[in-house]
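Order of the sequence lines fixes the chain letters, A, B, ..., with proteins taken first and strands second; residue numbering starts at 1 for each chain. The figures that follow rest on heavy atoms only: side chains count, while hydrogens, waters and symmetry mates do not.
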There are 2 protein chains.
Amino acid sequence: MIACTKCGSVENIVKSGFIRGKQRLFCKACEVHFTIHLPQKEINKTVRQITIVDIAKSLGISPSTVSRALNGRSDINPATRQEIIRVATEMDYRPNLLAQSLNRGETHTIGVVIPNIERPFFAGVLAGIQKVATEAGYRVMICQSNESHSTETLNVQALVASRVDGLLISHSKETTSFDHIKLQLKRGLPIVHFDRVCNEVETAKVVQEDFEGSFVLTEHLILQGCKRIAVCAGPRELLISVSRLNGYKAALAKYDIPLREELIYHTNFIQGESLLALDGWLNLPQKPDGILAVHYANAIDMIVELKKRKIKIPSEIALVGFGDELIASLIEPSLTVFHHSPFQMGGIAAKMLVDNIIHKDTFQPILQKMHGELIIRQSSLRK
Amino acid sequence: MIACTKCGSVENIVKSGFIRGKQRLFCKACEVHFTIHLPQKEINKTVRQITIVDIAKSLGISPSTVSRALNGRSDINPATRQEIIRVATEMDYRPNLLAQSLNRGETHTIGVVIPNIERPFFAGVLAGIQKVATEAGYRVMICQSNESHSTETLNVQALVASRVDGLLISHSKETTSFDHIKLQLKRGLPIVHFDRVCNEVETAKVVQEDFEGSFVLTEHLILQGCKRIAVCAGPRELLISVSRLNGYKAALAKYDIPLREELIYHTNFIQGESLLALDGWLNLPQKPDGILAVHYANAIDMIVELKKRKIKIPSEIALVGFGDELIASLIEPSLTVFHHSPFQMGGIAAKMLVDNIIHKDTFQPILQKMHGELIIRQSSLRK
DNA sequence: TTCGTTTTCGGAAACGTTTTCGGTAGTTAT
DNA sequence: ATAACTACCGAAAACGTTTCCGAAAACGAA
């Protein structure tokens with residue numbers, strides 16, 4: 001009835017338990033176990049992509065020759081190559097990038113970790129990264145940390161698991177420990193920091209003129225006659241916040257204006273907190289006559305609030321902000337800002353990373369500071 | 001001097017040309033060609049990642065067992081599994097996603113094609129996509145078409161080459177032929193359209209209330225007393241532009257207001273062109289007293305220009321726009337808009353795609369329309 | 001004992017590509 | 001004729017994982 005798959009014997013077959021739900025049989029003659037394989041009805045799988053083996057078969061040659069032809073290697077007859085390319089084009093062959101990456105040990109993909117894609121600054125940086133990366137033949141994989149350290153760590157792990165060739169990162173506001181970066185750096189992963197960098201590790205970095213920008217903005221307020229300048233600073237932990245605050249302090253020092261703690265407020269990217277700061281300042285016995293917001297969005301919020309309170313800008317209080325977006329020029333009064341190009345920053349960072357990836361051994365990590373520009377508008381211009 | 005690698009003979013060796021720069025030798029005794037392999041000095045390669053084979057070796061078991069243990073298969077002794085997991089954790093094993101994907105035929109990655117990441121609408125959608133995708137265990141790969149059809153096609157090809165499990169797409173303004181989509185759909189790739197959809201193919205779609213929104217906005221203008229309503233429409237080819245224009249027309253028809261061709265202007269996402277439209281309208285013998293911009297950014301531009309020209313909003317000309325951003329509420333006068341949540345849209349689209357991927361066979365493509373909301377602000381409110 | 005059963009594991013193939021290295025044939029110089 | 005050479009190609013291993021299927025061992029029941 002049932003014949004042994006090996007010797008064909010029929011009478012020596014005995015049952016031998018079940019395996020994976022199927023009856024298992026044993027042939028006493030040749031001492032072999034086996035199960036009966038049903039003809040396996042054709043599965044309606046999605047159309048398979050053409051592989052290099054398909055091309056090789058259709059031409060009666062070996063896969064290695066096809067690979068050589070398609071990769072422009074030299075060990076091949078030009079005529080054969082032509083023919084292979086013709087057939088490959090005809091069959092619409094697309095190399096399987098997964099197989100390629102697995103074999104070559106590189107994915108031609110770079111990973112990007114940013115706090116939040118919805119912030120126009122980061123969106124601009126991303127656009128710049130994409131442009132340069134694409135031109136250099138790299139794909140881009142983007143992750144958002146949402147300003148959370150743990151998410152950032154997970155992001156990095158996920159990107160490494162995807163075997164990205166390099167990493168572009170701007171840290172979350174929470175990030176004060178950089179073990180996740182150090183680990184990957186030690187493993188040899190090229191990493192480039194931008195904007196929110198980290199000084200503990202030796203990576204290439206692209207930064208804005210944080211100190212200089214704040215300095216220039218503050219100095220501008222002073223030159224416009226402001227005597228009591230408040231600052232809406234960023235999170236205490238963030239390096240760029242510190243630099244910007246230092247720029248502010250340096251400008252005050254230059255003009256011998258005393259630093260007053262009550263005029264410094266640290267925000268934390270929380271909705272509405274700049275208004276808390278403002279409220280505090282307005283209740284002081286001596287109100288400030290100028291405000292520096294190290295993030296332009298805070299300045300915008302405060303302009304709206306000041307207008308509600310009928311406080312005149314810039315005559316009673318002058319405002320300046322760090323960073324530029326369309327809204328800064330459209331709001332009334334328009335906002336004086338220190339302007340940087342996020343797009344350009346992204347491009348530079350991506351270029352650095354690609355260099356780092358390509359010249360892994362000789363690459364020298366450098367710090368590049370983007371040049372910014374003071375754009376004077378209505379919010380600070382006292383005639 | 002030089003011994004044959006096979007027979008060890010020394011005297012039968014003759015030179016036999018060069019191969020890949022190295023001297024080739026021939027042993028006449030055993031008729032074998034060979035080259036001399038230098039001891040291959042240790043290359044200082046970057047630290048290798050731990051593999052399943054490393055774990056297997058360190059435990060003296062086979063890789064398949066390790067794989068089964070780590071993947072939670074049943075064919076394994078609980079004690080062995082525990083031990084394997086312990087060692088894997090200890091060695092900080094991370095599965096190579098490339099190898100996994102190659103083997104399983106799925107990457108757990110979804111591709112997204114959008115016109116431009118810098119547009120707040122799309123940035124919001126992306127954030128929504130990322131959230132849902134990440135929660136479902138999918139990575140996201142983003143491409144920008146920059147409103148170019150050819151780039152969009154290249155994007156799709158690149159994503160397919162990366163073997164994404166599914167595609168989320170919002171077409172460029174140029175895209176009128178959908179062969180690139182049809183091709184991939186035929187190959188079985190799950191695709192979901194959002195916002196700028198395409199009716200030629202049977203995919204799941206998430207759209208805004210384009211018709212309804214325009215209708216409501218236009219009706220609102222009419223109810224505020226506008227008699228001559230101009231429309232700053234989008235690109236002619238874009239489906240959503242057509243729908244929005246139709247909503248406008250339907251509202252006019254409802255109130256028996258004649259449609260005037262001279263009051264319709266098609267923009268093309270080019271800087272400053274809405275001002276051209278405005279200029280044209282203002283030079284008409286009968287100026288419009290209301291304007292609908294199917295893209296809020298055009299409305300913003302026009303508000304700025306109208307203010308320059310000292311034309312009163314909304315008393316002389318009332319304005320409304322489609323789509324909402326912070327700036328719409330901050331500009332003066334603030335802009336009446338039809339509001340949708342991009343974040344939510346992204347989430348819904350991503351969820352649909354994941355459903356489509358997981359239930360490839362049974363998935364029914366549906367069209368989901370997001371609910372929008374009229375937000376009345378100063379730009380149209382005539383007391 | 002002897003057969004049927006279950007549990008646990010390993011070998012090997014598979015995914016699609018690249019790369020290494022030798023085989024073969026043909027060519028040139030001696 | 002033969003040593004030295006070049007040009008072209010294929011077999012096989014490698015990348016790291018999963019999965020198929022049988023082997024081995026241990027156990028239970030008749």
Side-chain angles (χ1 to χ4, degrees), chain A residues 5-6 14-20 22-26 28 31-35 37 40 48-56 60-71 73-81 84 93-106 163, chain B residues 5-6 13-20 22-28 31-37 40 48-56 59-71 73-81 84 93-106 163:
Chain A
T5 48
K6 202 165 179 185
V14 292
K15 289 190 190 167
S16 166
F18 289 88
I19 190 159
R20 276 168 288 272
K22 282 198 285 189
Q23 178 62 254
R24 196 181 192 200
L25 302 167
F26 182 66
K28 288 193 282 184
E31 294 196 335
V32 76
H33 294 266
F34 61 94
T35 56
H37 297 274
Q40 183 81 337
R48 210 173 51 84
Q49 287 269 16
I50 298 291
T51 74
I52 230 169
V53 179
D54 297 325
I55 299 178
I61 58 179
S62 88
S64 39
T65 305
V66 177
S67 174
R68 271 196 301 267
L70 264 25
N71 285 297
R73 296 309 159 101
S74 55
D75 267 20
I76 189 161
N77 188 326
T80 315
R81 164 171 306 166
I84 291 174
Y93 165 74
R94 303 301 167 100
N96 185 323
L97 261 34
L98 291 170
Q100 245 174 16
S101 298
L102 177 60
N103 184 282
R104 298 210 249 238
E106 55 184 28
R163 298 298 198 268
Chain B
T5 48
K6 203 165 177 182
I13 307 301
V14 292
K15 289 189 190 167
S16 168
F18 290 87
I19 189 159
R20 278 169 288 271
K22 280 198 286 187
Q23 179 62 254
R24 199 182 191 197
L25 302 167
F26 183 68
C27 172
K28 289 193 282 184
E31 294 196 333
V32 77
H33 294 264
F34 61 92
T35 57
I36 308 155
H37 297 274
Q40 183 81 337
R48 211 172 51 84
Q49 287 269 16
I50 298 291
T51 75
I52 227 169
V53 179
D54 297 324
I55 300 177
L59 280 168
I61 58 179
S62 90
S64 40
T65 305
V66 178
S67 175
R68 271 197 303 267
L70 264 24
N71 286 295
R73 295 307 156 103
S74 56
D75 267 21
I76 189 161
N77 187 326
T80 315
R81 162 170 310 163
I84 291 175
Y93 165 75
R94 304 299 168 99
N96 185 324
L97 261 34
L98 291 171
Q100 246 177 12
S101 298
L102 178 61
N103 183 282
R104 299 210 248 236
E106 55 182 31
R163 299 297 196 271

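- For the pair A:Pro63 and B:Arg81, nearest-nucleotide mapping onto DNA chain C gives the more 5' position to B:Arg81.
- Rounding to whole angstrom units, CZ of residue B:Phe18 and C1' of D:dC8 are separated by 19 Å.
- If you check every strand for non-hydrogen atoms under 4.0 Å, A:Ser74 touches nothing.
- The side-chain contact (heavy atoms from CB on, under 4.5 Å) test applied to B:Asn103 returns no partner, not counting sequence neighbours.
- The side chain of B:Tyr93 has D:dT17 as its nearest neighbour among D:dT19, C:dT19, D:dT17.
- Nearest nucleotide to the side chain of B:Arg104, out of C:dG10, D:dT18, D:dA3: D:dT18.
- Here A:Glu106 lies out of heavy-atom contact (under 4.0 Å) with every strand.
- The interatomic distance linking A:Lys15 (NZ) with D:dA30 (P) rounds to 15 Å, in whole Å.
- For B:Phe34, there are no ring pair (Phe, Tyr, Trp, His ring centres under 6.0 Å) partners at least two apart in sequence or on another chain.
- Ranked by how close their nearest DNA chain D nucleotide is to the 5' end, B:Gln23 and A:Ile61 are led by B:Gln23.
- For B:Lys28 and D:dA3, the NZ to P distance is 5 Å, given to the nearest whole Å.
- Shortest non-hydrogen contact noted between A:Lys15 and A:Leu25 is CA-CD2, 4.1 Å.
- Counting to the nearest Å, the P atom of C:dG10 and the CG atom of B:Leu59 are 10 Å from each other.
- Each of B:Thr51 and B:Gly17 lies near DNA chain D, and the nucleotide nearest B:Gly17 is the one positioned closer to the 5' end.
- The residue among A:Val53 and B:Asn103 whose nearest nucleotide of DNA chain C lies closer to the 5′ end is B:Asn103.
- The side chain of A:Ala99 lies closest to C:dT17 when the candidates are C:dT19, C:dT17, C:dA12.
- Note on A:Leu102: a base of the nucleic acid sits closer than 4.0 angstrom, heavy atoms only.
- Counting non-hydrogen atoms of neighbouring residues, nucleotides and ligands closer than 6.0 angstrom, the NZ atom of B:Lys22 exceeds 12 such neighbours.
- Contact between the side-chain N/O atoms of B:Ser64 and the OP1/OP2 oxygens of C:dG10 is not found at any separation under 4.0 Å.
- Partners of A:Asn96 by side-chain contact (heavy atoms from CB on, under 4.5 Å), not counting sequence neighbours, listed by chain and number: A:Leu98, A:Ala99, B:Leu102, B:Arg163.
- Side-chain nitrogen and oxygen atoms of A:Gln100 include at least one within less than 4.0 Å of the OP1 or OP2 phosphate oxygen of C:dT18.
- Not a single donor-acceptor pair, N or O on each side, falls under 3.5 Å between the base of C:dT8 and the side chain of B:Asn77.
- Listed pair A:Thr80 / D:dC9 meets the phosphate criterion, a side-chain N or O lying under 4.0 Å from OP1 or OP2.
- Scored by the salt bridge (Lys or Arg N to Asp or Glu O under 4.0 Å) test, B:Arg94 finds B:Asp92 as partners (sequence neighbours excluded).
- Within the 4.5 Å cutoff, the side chain of A:Gln49 has no heavy atoms near those of the A:Tyr93 side chain.
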* Treat primed atoms plus P, OP1 and OP2 as sugar-phosphate and everything else as base, then score nucleotides 21-30 of chain C 5' to 3': B for base contact with protein heavy atoms under 4.0 Å, S for sugar-phosphate contact only, - for none. => BBBB------
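- When the local axes at the two ends of the helix from C:dT1-D:dA30 to C:dT30-D:dA1 are compared, using 5 base pairs at each end, they differ in direction by 60° after rounding to 10°.
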Would you give me the side-chain donor-acceptor pairs under 3.5 Å for residues 60-69 of chain A, sequence neighbours excluded?
from: A:Ser62; atom 1: OG; to: A:Ser64; atom 2: N; distance (Å): 3.4
from: A:Ser62; atom 1: OG; to: A:Ser64; atom 2: OG; distance (Å): 2.8
from: A:Ser62; atom 1: OG; to: A:Thr65; atom 2: N; distance (Å): 3.4
from: A:Ser62; atom 1: OG; to: A:Thr65; atom 2: OG1; distance (Å): 3.3
from: A:Ser67; atom 1: OG; to: A:Asn71; atom 2: ND2; distance (Å): 3.3
from: A:Arg68; atom 1: NE; to: A:Asp75; atom 2: O; distance (Å): 3.4

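- In this structure, the side-chain contact (heavy atoms from CB on, under 4.5 Å) partners of A:Arg24, at least two apart in sequence or on a different chain, are A:Ser16, A:Ile19, A:His33, A:Thr35.
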